Amino acid sequence: VDWKRVRAVLDVGCGDGVLLVRLREQERFRGELVGIDMSEGMMRRGMRVSKKRRLDIHFLSGDAERLPFPDRRFDVIIAKHVLYHVPHVSRAVKEAYRCLTPGGKFVVVLNSKNTKPKLFAFRKKVARMLKTRAFFVNRRLNIENLRPFLSRFSRASLKKFTSTTELKSPAPYIRYFNSLRSFFSHMPKKTPWEKAKRMVREMVEGEIKKKGVFRENNAFGIFVATK
């Protein structure tokens with residue numbers, strides 16, 4: 001994206017607004033910045049940071065499937081790791097298209113279906129132990145199956161990225177694993193969930209003891225679709 005030619009940016013599912021803050025402070029973007037999210041609680045930190053630093057970033061509550069903006073309102077619309085959680089992806093994409101100026105860019109960041117293979121295996125094992133079913137949002141939507149949703153755009157390019165997370169302590173991994181507790185067909189009760197975490201911790205610790213480090217492979221991509 002040539003930010004010098006961009007006048008207005010919308011971040012859909014902006015959360016705490018860290019991306020918008022980065023655009024203003026690090027990229028020195030001087031145009032209009034707007035963030036929208038269904039969780040006002042998530043946006044409060046961004047609102048506080050924007051006000052304190054006088055960044056002139058606007059936040060409002062809203063739904064990706066029903067954007068509260070007129071047609072051709074933004075030059076760039078960003079959806080970073082958010083479309084997994086949208087009930088109707090096609091509606092969200094259609095709304096983004098509607099709100100883009102001609103030639104505008106829809107920037108979508110998604111994981112690959114093959115990202116974090118060890119986490120995938122751990123969660124399947126925990127699901128069997130708890131006699132429940134794990135939800136894998138990146139299996140529902142990912143860089144491998146997004147392209148058909150972008151068919152209304154004149155063109156769409158994809159850039160893929162890979163990385164490896166290396167940990168010498170299991171603590172960060174267990175904290176992340178704990179954040180996924182609600183991504184099962186029913187919320188695991190405290191006692192069995194603690195047992196599941198201990199099992200995962202032991203497997204991570206086992207690899208660290210054997211190899212000196214725990215490694216997890218990550219894969220994601222960025223689509224840039226042009227209206």
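Note that this is a predicted model, so its numbers are computed, not measured.
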Inset, instruction - Compare all side-chain heavy atoms of Tyr176 with those of Glu216 and state whether any distance is below 4.5 angstrom. - result: no
Legend entry - Arg123 side-chain N/O to Phe135 backbone N/O, donor-acceptor pair under 3.5 Å: yes
Legend entry - Distance-minimising heavy-atom pair for Ser50 and Phe59: CB-CE1, 4.1 Å
Legend entry - Cluster overlap Leu100 with Leu19, hydrophobic side-chain contacts below 4.5 Å: no
Legend entry - Hydrophobic cluster identity match, Val200 and Ile208, side-chain contacts under 4.5 Å: yes
Legend entry - Val76 with Val82, same ILVMFWY side-chain cluster at under 4.5 Å: no
Inset, instruction - Flag the pair Val21 / Arg53 as yes when at least one side-chain heavy-atom distance between them is below 4.5 Å, and no otherwise. - result: yes
Legend entry - Nearest non-hydrogen partners of Pro70 and Cys99, listed with the distance: O-SG, 4.0 Å
Inset, instruction - Report yes if the side chains of Phe106 and Val12 come closer than 4.5 Å at any heavy-atom pair, otherwise no. - result: no
Inset, instruction - Find out whether Thr165 and Leu167 are in side-chain contact, i.e. whether some heavy atom of one side chain is under 4.5 Å from a heavy atom of the other. - result: yes
Inset, instruction - Please name the pair of heavy atoms, one in Phe161 and one in Gly221, separated by the smallest distance, quoted to 0.1 Å. - result: CD1-CA, 4.4 Å
Inset, instruction - Scan side-chain atoms only and decide if Thr132 and Ser185 contain a donor-acceptor pair under the 3.5 Å cut-off. - result: yes
Inset, instruction - Would you mind reporting whether Arg181 and Met187 have side-chain heavy atoms less than 4.5 Å apart? - result: yes
Inset, instruction - To the nearest 0.5 angstrom, please state how far the CG atom of Leu119 sits from the CG atom of Asn217. - result: 12.5 Å
Legend entry - Side-chain touch Arg98/Arg72, heavy atoms, less than 4.5 angstrom: no
Legend entry - Glu40 atom CD, over 12 foreign heavy atoms within 6.0 Å: no
Legend entry - Pairwise distance NZ(Lys195) to CG(Leu130) - rounded to 0.5 angstrom: 9.0 Å
Legend entry - Residue that, paired with Phe177, satisfies ring pair (Phe, Tyr, Trp, His ring centres under 6.0 Å) out of Phe120, Trp193, Phe122: Trp193
Legend entry - Heavy atoms from other residues, nucleotides or ligands near NZ of Lys197 exceed 12 (cutoff 6.0 Å): yes
Inset, instruction - For the pair His88 and Lys94, evaluate side-chain contact (heavy atoms from CB on, under 4.5 Å) and give the outcome as yes or no after the intermediate values. - result: CA-CA 10 Å; His88 305 95; Lys94 185 178 180 180; over 6 Å; no
Legend entry - Asp37 side chain to Gly15 backbone, donor-acceptor under 3.5 Å: yes
Inset, instruction - On the 0 to 90° scale, with breaks at 30° and 60°, tag the Phe214-Tyr173 ring pair as parallel, tilted or perpendicular. - result: perpendicular
Inset, instruction - Keeping the roles fixed (side chain from Thr226, backbone from Ser154), state whether a donor-acceptor pair exists under 3.5 Å. - result: no
Inset, instruction - State whether Lys210 and Glu207 are salt-bridged, where the test is any N-O pair (Lys NZ or Arg NE/NH1/NH2 against Asp/Glu carboxylate O) under 4.0 Å. - result: no
Inset, instruction - Report, as yes or no, whether the 6.0 Å neighbourhood of atom CZ on Arg30 holds more than 12 heavy atoms from other residues, nucleotides or ligands. - result: yes
Inset, instruction - Kindly say whether Arg66 contributes a backbone atom to a donor-acceptor pair with the side chain of Arg91 at under 3.5 angstrom? - result: no
Inset, instruction - Run the numbers on Met43 and Ser61 for side-chain contact (heavy atoms from CB on, under 4.5 Å), then give the verdict. - result: CA-CA 9 Å; Met43 291 189 290; Ser61 178; 4.3 Å; yes
Inset, instruction - Applying side-chain contact (heavy atoms from CB on, under 4.5 Å), run through Asn111 and His81 and close with a yes or a no. - result: CA-CA 7 Å; Asn111 283 325; His81 292 300; 3.5 Å; yes
Legend entry - Joint cluster assignment, Phe69 & Val93, ILVMFWY side-chain distance < 4.5 Å: yes
Inset, instruction - Output, in order, the C-alpha distance, side-chain angles, deciding distance and verdict of side-chain contact (heavy atoms from CB on, under 4.5 Å) for Leu146 and Leu141. - result: CA-CA 7 Å; Leu146 176 68; Leu141 188 70; 4.2 Å; yes
Legend entry - Test: Lys211 and Glu166 ion pair at under 4.0 Å: no
Inset, instruction - Give the minimum heavy-atom separation between Thr115 and Ala219, together with the two atoms involved. - result: OG1-N, 2.9 Å
Legend entry - Which atom of Ala96 lies closest to which atom of Ile77, heavy atoms considered: O-CD1, 3.4 Å
Inset, instruction - Can you measure from CG (Asp71) to CD (Glu95) and round to the nearest 0.5 angstrom? - result: 8.5 Å
Legend entry - Closest contact, heavy atoms only, Arg201 versus Pro170: NH1-CG, 3.5 Å
Inset, instruction - Decide yes or no for Ser112 and Lys160: does some side-chain heavy atom of the first lie under 4.5 Å from some side-chain heavy atom of the second? - result: no
Inset, instruction - Report, as yes or no, whether the 6.0 Å neighbourhood of atom CZ on Arg45 holds more than 12 heavy atoms from other residues, nucleotides or ligands. - result: no
Inset, instruction - May I ask you to check whether Tyr97 and Phe153 place their ring centers less than 6.0 Å from one another? - result: yes
Legend entry - Gap between atom OH of Tyr84 and atom CG of Leu110 - 0.5 Å precision: 4.5 Å
Legend entry - Any donor-acceptor N/O pair, Arg73 side chain to Ala8 backbone, under 3.5 Å: no
Inset, instruction - Apply the side-chain contact (heavy atoms from CB on, under 4.5 Å) test between Leu10 and each candidate in Asp75, Leu33, Leu67; give the one that qualifies. - result: Leu67
Legend entry - Enclosure of Lys113 NZ (heavy-atom neighbours >12, cutoff 6.0 Å): no
Inset, instruction - Kindly say whether Ala127 contributes a backbone atom to a donor-acceptor pair with the side chain of Arg133 at under 3.5 angstrom? - result: no
Inset, instruction - Walk me through it: do Lys116 and Asn218 pass the test side chain to side chain donor-acceptor pair (under 3.5 Å)? - result: CA-CA 5 Å; Lys116 295 181 174 63; Asn218 312 296; 3.2 Å; yes
Legend entry - Residue pair Met38 / Asp63, side-chain heavy-atom distance below 4.5 Å: yes
